Amino acid sequence: MEEESSTLIRRRTSLPATMVMVVLLLCCNCGVEVVVAAADESSPAPVGKGGSDHGSCPGGGDGNRQLWVFGDSYADTGNLGNLGRELTHAWYYPYGITFPRHPTGRFSDGRVLTDFVASAVGIATPVAYKLRRRGGHGGEVASRGMNFAVGGSGVLDTGYFQRNISSQIDLFQKQLRGCGPTGVALVVVSGNDYSTVVDKNNGTSEAAIAYIPTVVRGLREQLRRLRDEVGMKKVVVTNLHPMGCTPYFTRLLNYSGCDALANAGSDQHNAALRSVLHDLDPANTTFLLLDLHTPFLTLINGADDDKFPVRLRPCCETFTADGHCGQEDDAGNKQYTVCDDPERHFYWDDVHPTQAAWAAVAHAFTPAIHHFLST
């Protein structure tokens, strides 16, 4: 049994941040095509032959045609173990109702960030590490990379008992088994580090603000490690989305607007991250800062009202502020509502976008990935 399945996690494993000030479908006309290996990504082929981790070095013809993913619930495609509805609700209805029409451990109604980045790279979604031995097909699943991201994790230890990014990179190196890495690394950080420090300090924004340099320094070290110790030639790292626009914050404002102070915290994190990447890679050849913040904010502010007429209220809405999407009472009665059309909503639950939102955001960032991989 995997480590994640043997420990308990907090209820909000999917929560990128809970602080007051700070700071993680294809649509027919979105212009983004998602490459999918099969209808059900939760049942991938095994790594190596016969389901073993052992085998030849992972790799394909084009060195950029692999994706190695590290991060949290914005990127997780099944690594968070199923510990029951209350603890790991992404494995339960209504998650996955759009794709593949049943839950796969993704924190959305369908596809998430990883799926769309894989499409931009030109491959099927890489297998989740936890699911690497499932399926009955031969061959090397690792030929298209692997996803180590797990909901609730952070750059540092978050208290959610999930592998942080450093530990995820450790697993990556074990999978390489001495082989030189090829392909692209994706590093997704969506705010769990900040929610952790707030929880420990009674929700004070000062503690979260003070923690930004620590988080960014830790992220810098892991990015340096991927380049200098692991040997990755191409690393994509996300900035923070406007966290004050998530329904977790907007609910307090009756879904009428974003929390300006929380968004200011996201801006401060992003400024520090830009400085780090400039210091690590002045020529912008190894690292790409994948801008999620700008397309999030543009779409939420209503650049296309017809696309997302509902931008601050989630599709899956709980009855109470401390509830969660998919929650049931002891009698099995639903404690939430689900909208009729997730494609009209930007957010799926209190912190995660819908598949349609991710598709629209990907439409904005895909050209940057194409350019980055061509240089």
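Since the structure is predicted, the reported quantities are computational estimates derived from the model, not experimental observations. No hydrogens, no waters, no symmetry mates; every other heavy atom, side chains included, goes into these values.
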How long is the span from the [atom1] atom in [X] to the [atom2] atom in [Y], to the nearest 0.5 Å?
X	Y	atom1	atom2	answer
Gln327	Asn333	CD	CG	11.5 Å
Thr238	Leu113	OG1	CG	7.0 Å
Tyr336	Asp349	OH	CG	12.5 Å
Cys315	Asp340	SG	CG	8.5 Å
Thr246	Asp259	OG1	CG	8.5 Å

Looking only at the side chains, is there a donor atom on one of [X] and [Y] sitting less than 3.5 Å from an acceptor on the other?
X	Y	answer
His293	Asp267	yes
Thr77	Asn147	yes
Arg106	Ser108	no
Asn254	Ser256	no
Tyr92	Asn82	yes
Thr125	Asp115	yes
Ser143	Arg65	no
Asp193	Thr196	no
His269	Tyr194	yes

Minimum heavy-atom separation for [X] to [Y], with atom names?
X	Y	answer
Leu312	Pro247	O-CG, 3.6 Å
Cys245	Ile300	CB-CD1, 3.7 Å
Ile212	Gly265	CD1-O, 4.0 Å
Phe296	Pro353	CZ-CG, 3.6 Å
Cys325	Pro94	SG-CG, 3.7 Å
Leu67	Thr114	CD2-O, 4.2 Å

| Can you check side-chain contact (heavy atoms from CB on, under 4.5 Å) on Thr318 and Arg251, steps first, answer last? | CA-CA 11 Å; Thr318 63; Arg251 180 176 186 139; 3.2 Å; yes
Group every Ile, Leu, Val, Met, Phe, Trp and Tyr by side-chain heavy-atom contacts under 4.5 Å, then state whether [X] and [Y] land in the same group.
X	Y	result
Tyr248	Leu252	no
Leu176	Val235	yes
Val189	Val230	yes
Leu171	Leu156	yes

| Which residues satisfy the salt bridge (charged side-chain N to carboxylate O under 4.0 Å, His left out) test with Arg101, sequence neighbours excluded? |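 So Arg101 forms no salt bridge (charged side-chain N to carboxylate O under 4.0 Å, His left out) with any residue.
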| Mind checking what makes salt bridge (charged side-chain N to carboxylate O under 4.0 Å, His left out) contact with Arg313, not counting sequence neighbours? | Glu317
I'd like to know if [X] pairs up with [Y] as an ion pair, taking the criterion as any Lys NZ or Arg NE/NH1/NH2 lying under 4.0 Å from an Asp or Glu carboxylate oxygen.
X	Y	value
Lys334	Asp329	no
Arg163	Asp157	no
Glu229	Arg224	yes

Is a side-chain N or O of [X] found less than 3.5 angstrom from the main chain of [Y], in a donor-acceptor match?
X	Y	result
Arg227	Leu280	yes
Thr354	Ala357	yes
Asn239	Asp291	no
Glu86	Gly84	no
Asn79	Lys130	yes
Ser266	Met243	yes
Ser275	Ala272	no
Asp281	Leu277	no
Lys174	Ile169	no
Trp68	Val187	no

| query | Hey, what do you get for Cys339 versus Cys316: SG atoms under 2.5 Å apart or not? | reply |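 Not so, these two cysteines form no disulfide.
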| Test of ring centre spacing under 6.0 Å for Phe172 and Phe70 | yes
| Do Tyr95 and Trp348 make the cut of ring centroids closer than 6.0 angstrom? | yes
| field | side chain to side chain contact (heavy atoms under 4.5 Å, CB included) partners of Lys233, counting only residues at least two apart | value |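 Applying side chain to side chain contact (heavy atoms under 4.5 Å, CB included) to Lys233 gives none.
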| task | Determine the interplanar angle of the His241 and Tyr74 rings, folded into 0 to 90°, and report it as parallel if under 30°, tilted if 30 to 60°, perpendicular if over 60°. | result |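 Because their plane-to-plane angle is under 30°, the rings of His241 and Tyr74 count as parallel.
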Determine whether [X] and [Y] make a side-chain contact, defined as any pair of heavy atoms from C-beta on separated by less than 4.5 Å.
X	Y	answer
Phe107	Leu80	yes
Val184	Val236	yes
Asp76	Val112	no
Asp350	Pro314	no

| request: Give the C-alpha distance, both sets of side-chain angles, the deciding distance and a yes or no for side-chain contact (heavy atoms from CB on, under 4.5 Å) between Trp358 and Arg111. | output: CA-CA 8 Å; Trp358 277 126; Arg111 297 176 177 92; over 6 Å; no
| request: Kindly determine whether Gln335 and Glu328 satisfy side-chain contact (heavy atoms from CB on, under 4.5 Å), including the steps that lead there. | output: CA-CA 5 Å; Gln335 302 300 297; Glu328 295 181 352; 5.5 Å; no
| request: Walk me through it: do Phe365 and Val117 pass the test side-chain contact (heavy atoms from CB on, under 4.5 Å)? | output: CA-CA 9 Å; Phe365 68 58; Val117 173; 3.9 Å; yes
| query | Got more than 12 heavy atoms from elsewhere within 6.0 Å of CZ, Arg344? | reply |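 Atom CZ in Arg344 is not packed in, count stays at 12 or less.
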| said: Just checking His370: does its NE2 atom have more than 12 heavy atoms from other residues, nucleotides or ligands closer to it than 6.0 angstrom? | reply: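 Atom NE2 in His370 is crowded, with more than 12 foreign heavy atoms closer than 6.0 Å.
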| request: Report yes or no: is the cationic atom of Arg311 (NZ for Lys, CZ for Arg) closer than 6.0 Å to the six-membered ring centre of Phe346, at no more than 45° off its axis? | output: no
